[in-house]
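A short worksheet on the structure shown next.
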Amino acid sequence: MVSTFIGLLDIQSWWEIPCISHFCSLFSSAFELPDIDIEDLESALLSDGTSDEDQVALVPELIVRLLKGCDALQSVAKEITHSNYQMFLRRLLRQQCRLHQTENPFDTDIDFQSLPPRKRLHILHDLCHFRLESADVQVILSNLEADSLRVEPLGHDAKNSGYWYFYGTRLYREDKAVGGAAAAAAASAGGAGNNCNTVWQVICFTEEDWQNLAAKFKTSKNAKERDLFQILNKNFLPKLPQLFRERERLRRRKLLQVRNSSRIRSIAELKARQEEERQERERENERERQRNEREQLYRERQNAHWVAPPSQNQNQRTRRRLERPVL
């Protein structure tokens, strides 16, 4: 089970989540990856396996797609499914950990879903790197614009904290950036890992958050913060209403899909119960018919062996013969 000490605020500070989501957005067509929203990935990692089926299947679906694209598993790619992906994931991790002389985070028989969320996230992040090492990536990258592969902070504030935008409606802040900024950019473009000496948090959730942050930088005396205001004011504030409307539209569509999926499952479950009840009635009717047949057969056999008692006249003739004297 997932530790109850991991909450939404904790998971929102994990920089790998927006990086993985950006990776999926960037390579969705090239790698045939599912479209994974940041919030959906957070919920899937927090899930204990008992929530909505579509949400629970989100991470396994991504893992299956990534495994199928890794060169080390090309010979068995067609065999990788949702039911056996953990076996192939272990095989790949053992190979890569031996190659890089690192500790294998998934070297036991424990179920993937039972791993702590942080460890599952690390495995998923590593798997994105493994996919970028495949032979087909060079051709794919040559067809993408260089700017789309370059992920850099929008700017820095007076404390040298970096402000990161990936996509969607969130803005992240990276405090005490000691190598983490470059690592986060590399994570999306296939570079080296993060040294984990930074703290990430979502600084803007709502439209009001963005406007308040821009207003704060607008009146700042720090040159870097004034530059940040210009970027926010020119490139983001005018587009925010549309971004939030699109986000709400997608949220409603997903909610409708969940409701329809639940309704379809309910209808299917109802039909399954009705079919089970019908079959049970048929079985009971068949058992009743067989009981009736056995009882009928028993009565017929009893009647076949039954001998009627002699009539009264027959008894009298029999007595007269017995009483006749012997000559």
Side-chain angles (χ1 to χ4, degrees), residues 14-38 40-41 44-45 54-146 148-151 166 183-194 196:
W14 297 349
W15 61 270
E16 297 94 339
I17 289 181
C19 288
I20 292 171
S21 297
H22 181 72
F23 175 92
C24 292
S25 175
L26 186 61
F27 296 108
S28 59
S29 298
F31 293 166
E32 297 182 354
L33 301 178
D35 184 16
I36 296 184
D37 187 79
I38 292 174
D40 290 340
L41 183 54
L45 289 168
D54 295 334
Q55 187 182 88
V56 173
L58 184 66
V59 171
E61 173 66 16
L62 176 58
I63 292 176
V64 168
R65 300 285 184 91
L66 292 172
L67 289 174
K68 285 177 176 289
C70 292
D71 285 349
L73 298 174
Q74 278 302 297
S75 61
V76 294
K78 293 182 179 180
E79 302 175 20
I80 303 174
T81 66
H82 287 191
S83 60
N84 64 14
Y85 76 91
Q86 299 195 47
M87 175 181 67
F88 295 102
L89 178 59
R90 285 191 177 92
R91 181 187 304 182
L92 180 66
L93 288 175
R94 282 197 297 267
Q95 180 192 69
Q96 293 293 326
C97 289
R98 283 197 301 267
L99 180 64
H100 298 288
Q101 296 183 347
T102 56
E103 182 182 355
N104 189 346
F106 194 40
D107 199 27
T108 65
D109 291 333
I110 188 173
D111 185 80
F112 180 81
Q113 188 64 34
S114 298
L115 292 172
R118 189 67 172 157
K119 184 168 289 189
R120 277 183 279 143
L121 180 61
H122 283 160
I123 292 174
L124 193 57
H125 185 255
D126 288 342
L127 193 54
C128 292
H129 284 296
F130 300 154
R131 179 62 183 92
L132 287 172
E133 294 173 355
S134 298
D136 63 343
V137 172
Q138 195 63 37
V139 176
I140 293 172
L141 293 182
S142 65
N143 295 325
L144 295 175
E145 294 183 4
S148 67
L149 300 174
R150 189 180 302 111
V151 183
F166 294 93
S188 292
N194 186 14
C196 300

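Source: prediction; values computed, not measured.
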> Which pairs count as salt bridge (charged side-chain N to carboxylate O under 4.0 Å, His left out) when at least one residue sits in residues 88-107, sequence neighbours excluded?
Replying inline: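 Residue pairs with at least one partner in residues 88-107: there are none.
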Nearest-0.5 Å distance that lies between atom [atom1] in [X] and atom [atom2] in [Y]:
| X | Y | atom1 | atom2 | answer |
| --- | --- | --- | --- | --- |
| Phe130 | Leu67 | CZ | CG | 10.0 Å |
| Phe166 | Trp15 | CZ | CH2 | 9.0 Å |
| His129 | Asp126 | NE2 | CG | 6.5 Å |
| Cys97 | Leu92 | SG | CG | 9.0 Å |
| Phe31 | Ile140 | CZ | CD1 | 4.5 Å |
| Leu115 | Leu121 | CG | CG | 12.0 Å |

>> Run Leu62 and Phe23 through side chain to side chain contact (heavy atoms under 4.5 Å, CB included) and show every step you take.
In response: CA-CA 11 Å; Leu62 176 58; Phe23 175 92; 5.9 Å; no
Please list, one pair per line, the donor and acceptor atoms closer than 3.5 Å that link side chains of residues 73-81 to other protein atoms, with sequence neighbours excluded.
from  : atom 1 : to    : atom 2 : distance (Å)
Gln74 : NE2    : Lys68 : O      : 2.8
Gln74 : NE2    : Cys70 : O      : 3.4
Thr81 : OG1    : Ser83 : N      : 3.3
Thr81 : OG1    : Ser83 : OG     : 2.9
Thr81 : OG1    : Asn84 : OD1    : 3.2

Any side-chain heavy atom of [X] within less than 4.5 Å of one from [Y]?
| X | Y | value |
| --- | --- | --- |
| Phe27 | Val137 | no |
| Val151 | His22 | yes |
| Ile63 | Leu127 | yes |
| Glu133 | Asp71 | no |

> By side chain to side chain donor-acceptor pair (under 3.5 Å), which residues pair with Asp109, not counting sequence neighbours?
Replying inline: none
> Considering residues at least two apart in sequence or located in another chain, which fulfil the side-chain contact (heavy atoms from CB on, under 4.5 Å) criterion with Asp37?
Replying inline: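 Scan of Asp37 (side-chain contact (heavy atoms from CB on, under 4.5 Å), adjacent residues dropped) gives Glu39, Asp40, Lys254.
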>> Once ring pair (Phe, Tyr, Trp, His ring centres under 6.0 Å) is applied, do any residues pair with Phe112, and if so which ones, sequence neighbours excluded?
In response: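 Once residues adjacent in sequence are excluded, the partners of Phe112 under the ring pair (Phe, Tyr, Trp, His ring centres under 6.0 Å) criterion are Phe106.
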> Between Ser21 and Leu41, what is the shortest heavy-atom contact and its length?
Replying inline: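 That would be OG-CD2, 3.9 Å.
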> Name the one of Arg120, Arg118, Lys119 that satisfies salt bridge (charged side-chain N to carboxylate O under 4.0 Å, His left out) with Glu16?
Replying inline: Arg118
> Going through the checks in order, is the side chain to side chain contact (heavy atoms under 4.5 Å, CB included) test met by Gln96 and Leu93?
Replying inline: CA-CA 5 Å; Gln96 293 293 326; Leu93 288 175; 5.6 Å; no
>> Set out, in order, the CA-CA distance, both residues' side-chain angles and the distance that settles side chain to side chain contact (heavy atoms under 4.5 Å, CB included) for Ile36 and Ile20, then state yes or no.
In response: CA-CA 9 Å; Ile36 296 184; Ile20 292 171; 5.8 Å; no
>> Quick test of your reading: applying ring pair (Phe, Tyr, Trp, His ring centres under 6.0 Å), list the pairs with at least one residue in residues 73-105, sequence neighbours left out, ordered by first then second residue.
In response: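 Every candidate ring pair (Phe, Tyr, Trp, His ring centres under 6.0 Å) pair involving residues 73-105 fails, so no pair, neighbours aside, qualifies.
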